[in-house]
Amino acid sequence: MADQSIPEARAPRTPKAASKAASKAGSKAAPEAAPTAASKGEVPLNGGAGDDASRAGVLSRRRLLGTAGATGLVLGAAGGAVGYAARPAEATPLASLGAGQVMFHGKHQPGILQGLQARGHLVAFDLAAGAGRKEAAALLRRWSETARRLMAGKAAQQDDTDVARDAGPSSLTITFGFGFGFFARTGLEKQRPVALDPLPDFSSDQLDKARSNGDLWVQIGADDALVAFHALRAIQRDAGRAAKVRWQMNGFNRSPGATSSPMTARNLMGQMDGTRNPKPADADFDRRIFVPQSGSKDPAWMANGSYAVVRRIRMLLDDWEQLSVKAQEEVIGRRKADGAPLSGGTETTEMDLEKTDKAGNLIVPINAHARITRPDQNGGAAMLRRPFSYHDGIGADGVPDAGLLFVCWQADPLRGFVTVQRKLDRGDALSKYIRHESSGLFAVPGGAAEGEYVGQRLLEG
């Protein structure tokens with residue numbers, strides 16, 4: 001896609017080098033801002049593997065304390081450049097993380113195409129009793145303005161809590177979506193997409209209804225925990241009397257720069273998980289992930305939008321960690337050390353599904369997770385996974401309450417998530433070690449143009 005390429009970044013200048021250059025120029029000279037790039041890895045659980053992630057940032061509008069550089073440009077508008085999880089970039093010095101900035105306005109909402117973020121919050125709201133279309137429009141207008149300001153590194157418009165006063169934007173992204181019930185509450189049933197029909201029941205589900213679904217959904221991600229929390233509190237305060245929190249979940253991923261070179265991230269099972277995520281360079285990427293501007297069965301207000309499936313998947317770590325490394329690899333179908341398929345090669349080598357050992361047994365077991373979730377085993381079904389890990393302490397059963405906040409994006413959830421999950425439901429080796437505890441499906445409209453708020457074409461159309 002011509003309008004979704006990754007800008008080339010110059011080699012980063014380290015803080016030490018910048019300081020040395022500044023001393024040569026004189027004591028009054030400020031260190032030169034040096035571009036760097038942040039790298040993340042996708043960490044899917046319920047869709048097999050994903051891919052390396054990279055993101056560039058722009059110079060913060062706030063002056064970062066104790067930093068020596070800024071990052072490159074990340075744009076989301078049509079015709080601009082966008083930072084994607086398509087190829088790794090050079091590792092980012094930790095001191096420059098705050099400078100990363102993602103644009104609020106663009107063709108797609110932020111928080112979909114950017115790489116994994118170190119800290120995140122997923123929160124669902126229900127409209128308050130008596131609140132309807134008018135109140136919802138006012139709320140989305142407030143939320144959009146708050147998101148625009150915070151993503152630019154500015155304070156909230158009213159009563160800012162100062163939690164992020166000393167930080168830059170830290171690649172903050174805020175994404176908004178609508179649940180099934182939102183449309184009845186606002187009298188917009190005729191505008192509700194067919195694709196938003198409730199997900200079917202799966203035999204392995206053990207769902208908590210109180211932590212599932214919701215009228216409105218907000219995804220918050222950032223490279224800094226305080227920046228993410230600051231955005232969460234601002235969004236919650238903006239809700240006022242129009243909406244109340246239904247559920248909230250908090251997650252994390254590896255911080256950019258934590259490894260000596262960019263690499264695929266690992267989930268809490270220790271598996272490298274991020275090799276086969278769809279890439280923007282793929283010829284059919286847009287068709288699989290985003291609703292087209294025309295020729296779609298979706299309503300016009302969903303153009304350039306996507307559907308997010310959100311699942312809280314608990315990992316039964318005590319059971320998993322009792323397995324030998326070899327047994328864990330057979331469950332997944334990939335080597336734990338480097339993510340390569342058991343059939344051989346490197347992480348990116350195509351898996352040989354027919355390869356057998358000397359005894360004639362399949363090298364990649366027939367029920368291996370990576371085998372079952374492959375697009376070519378599911379009629380081409382694919383989804384863009386962008387999850388967070390979570391750890392909520394020890395559960396009432398005395399075992400770790402930890403796992404994955406699975407978030408996947410697709411143009412059609414029936415052809416994407418549902419197709420793959422039905423296949424997993426019939427015999428995935430990993431199912432014994434995970435538990436689906438909550439679920440949600442949300443329609444996420446395209447990005448807001450300059451002067452618009454998210455969802456305006458729905459609420460004022």
What distance do [X] atom [atom1] and [Y] atom [atom2] have between them, rounded to the nearest 0.5 Å?
{"X": "Phe285", "Y": "Asn277", "atom1": "CZ", "atom2": "CG", "value": "8.0 Å"}
{"X": "Arg149", "Y": "Asp160", "atom1": "CZ", "atom2": "CG", "value": "8.5 Å"}
{"X": "Leu207", "Y": "Lys209", "atom1": "CG", "atom2": "NZ", "value": "9.0 Å"}
{"X": "Ile174", "Y": "His121", "atom1": "CD1", "atom2": "NE2", "value": "10.5 Å"}
{"X": "Glu347", "Y": "Asp338", "atom1": "CD", "atom2": "CG", "value": "7.5 Å"}
{"X": "Phe178", "Y": "Leu458", "atom1": "CZ", "atom2": "CG", "value": "5.5 Å"}

I'd like to know if the side chain of [X] and the backbone of [Y] have a donor-acceptor N/O pair within less than 3.5 Å.
{"X": "Trp409", "Y": "Tyr307", "result": "no"}
{"X": "Gln219", "Y": "Gly111", "result": "yes"}
{"X": "Thr419", "Y": "Leu414", "result": "yes"}
{"X": "His369", "Y": "Leu430", "result": "no"}
{"X": "Asn253", "Y": "Pro387", "result": "yes"}
{"X": "Thr349", "Y": "Thr346", "result": "yes"}
{"X": "Arg311", "Y": "His436", "result": "no"}
{"X": "Arg371", "Y": "Leu353", "result": "yes"}
{"X": "Arg288", "Y": "Pro278", "result": "no"}
{"X": "Ser170", "Y": "Leu172", "result": "no"}

With Pro400, which of Leu268, Asp318, Leu316 fulfils side chain to side chain contact (heavy atoms under 4.5 Å, CB included)? Asp318
Of Leu122, Val309, Ile112, which meets side chain to side chain contact (heavy atoms under 4.5 Å, CB included) against Val407? Leu122
Less than 3.5 Å apart, any donor N or O on the side chain of [X] or [Y] sitting next to an acceptor on the other?
{"X": "Arg233", "Y": "Thr161", "value": "no"}
{"X": "Gln157", "Y": "Thr146", "value": "no"}
{"X": "Gln236", "Y": "Asp238", "value": "no"}

Evaluate side chain to side chain contact (heavy atoms under 4.5 Å, CB included) for Arg374 paired with Met351, printing each intermediate quantity in order. CA-CA 10 Å; Arg374 288 171 57 92; Met351 183 176 289; 3.5 Å; yes
Decide yes or no for [X] and [Y]: does some side-chain heavy atom of the first lie under 4.5 Å from some side-chain heavy atom of the second?
{"X": "Thr175", "Y": "Val444", "value": "yes"}
{"X": "Phe388", "Y": "Arg119", "value": "no"}
{"X": "Leu232", "Y": "Gln248", "value": "yes"}
{"X": "Val420", "Y": "Met383", "value": "yes"}
{"X": "Tyr433", "Y": "Leu317", "value": "no"}
{"X": "Gln114", "Y": "Val102", "value": "yes"}
{"X": "Lys336", "Y": "Met269", "value": "no"}
{"X": "Phe176", "Y": "Leu216", "value": "no"}

Mark yes when over 12 heavy atoms from residues, nucleotides or ligands other than [X] sit less than 6.0 Å from its [atom1]; otherwise mark no.
{"X": "Lys244", "atom1": "NZ", "answer": "no"}
{"X": "Asp201", "atom1": "CG", "answer": "no"}
{"X": "Arg211", "atom1": "CZ", "answer": "yes"}
{"X": "Gln158", "atom1": "CD", "answer": "no"}

Once the angle between the rings of Trp217 and Phe442 is folded into 0 to 90°, is it parallel (under 30°), tilted (30 to 60°) or perpendicular (over 60°)? parallel
Is the Phe290 ring parallel, tilted or perpendicular to the His108 ring (thresholds 30°, 60°)? parallel
Check Thr173, Asp224, Asp223 against Gln117 for a side chain to side chain donor-acceptor pair (under 3.5 Å) and give me the one that passes. Thr173
Going by side chain to side chain donor-acceptor pair (under 3.5 Å), Tyr453 matches just one of Glu145, Arg142, Glu460, Arg148. Which one? Glu460
Verify side chain to side chain contact (heavy atoms under 4.5 Å, CB included) between Val399 and Ile394, making sure each step is shown before the conclusion. CA-CA 5 Å; Val399 299; Ile394 303 299; 5.8 Å; no
Assess whether a salt bridge exists between [X] and [Y], defined as any Lys/Arg side-chain N lying under 4.0 Å from an Asp/Glu carboxylate O.
{"X": "Arg314", "Y": "Asp397", "value": "yes"}
{"X": "Glu329", "Y": "Arg335", "value": "no"}
{"X": "Arg287", "Y": "Asp284", "value": "yes"}
{"X": "Arg457", "Y": "Glu452", "value": "yes"}
{"X": "Asp401", "Y": "Arg312", "value": "yes"}

So, for [X] and [Y], which heavy atoms are closest and what is the spacing to 0.1 Å?
{"X": "Asn213", "Y": "Gly440", "result": "OD1-CA, 3.6 Å"}
{"X": "Thr373", "Y": "Asn378", "result": "C-ND2, 3.5 Å"}
{"X": "Ser438", "Y": "Ser212", "result": "CA-OG, 3.5 Å"}
{"X": "Asp126", "Y": "Asp215", "result": "OD1-N, 3.1 Å"}
{"X": "Gln328", "Y": "Glu321", "result": "NE2-CA, 4.1 Å"}
{"X": "Leu199", "Y": "Val418", "result": "CD2-CG2, 3.8 Å"}

Cation-aromatic face contact Arg192/Phe180, 6.0 Å, 45 degrees: yes
Taking it one step at a time, do Leu384 and Leu113 satisfy side chain to side chain contact (heavy atoms under 4.5 Å, CB included)? CA-CA 9 Å; Leu384 180 67; Leu113 291 172; 4.2 Å; yes
Between Ser306 and Gln410, is the side chain to side chain donor-acceptor pair (under 3.5 Å) condition met? List the steps. CA-CA 6 Å; Ser306 188; Gln410 59 262 285; 5.8 Å; no
Output field: ring centroids Phe125/Trp143 closer than 6.0 Å: yes
Checking side chain to side chain contact (heavy atoms under 4.5 Å, CB included) for the pair Ile332/Leu342: CA distance, chi angles, key distance, verdict? CA-CA 9 Å; Ile332 301 300; Leu342 295 184; over 6 Å; no
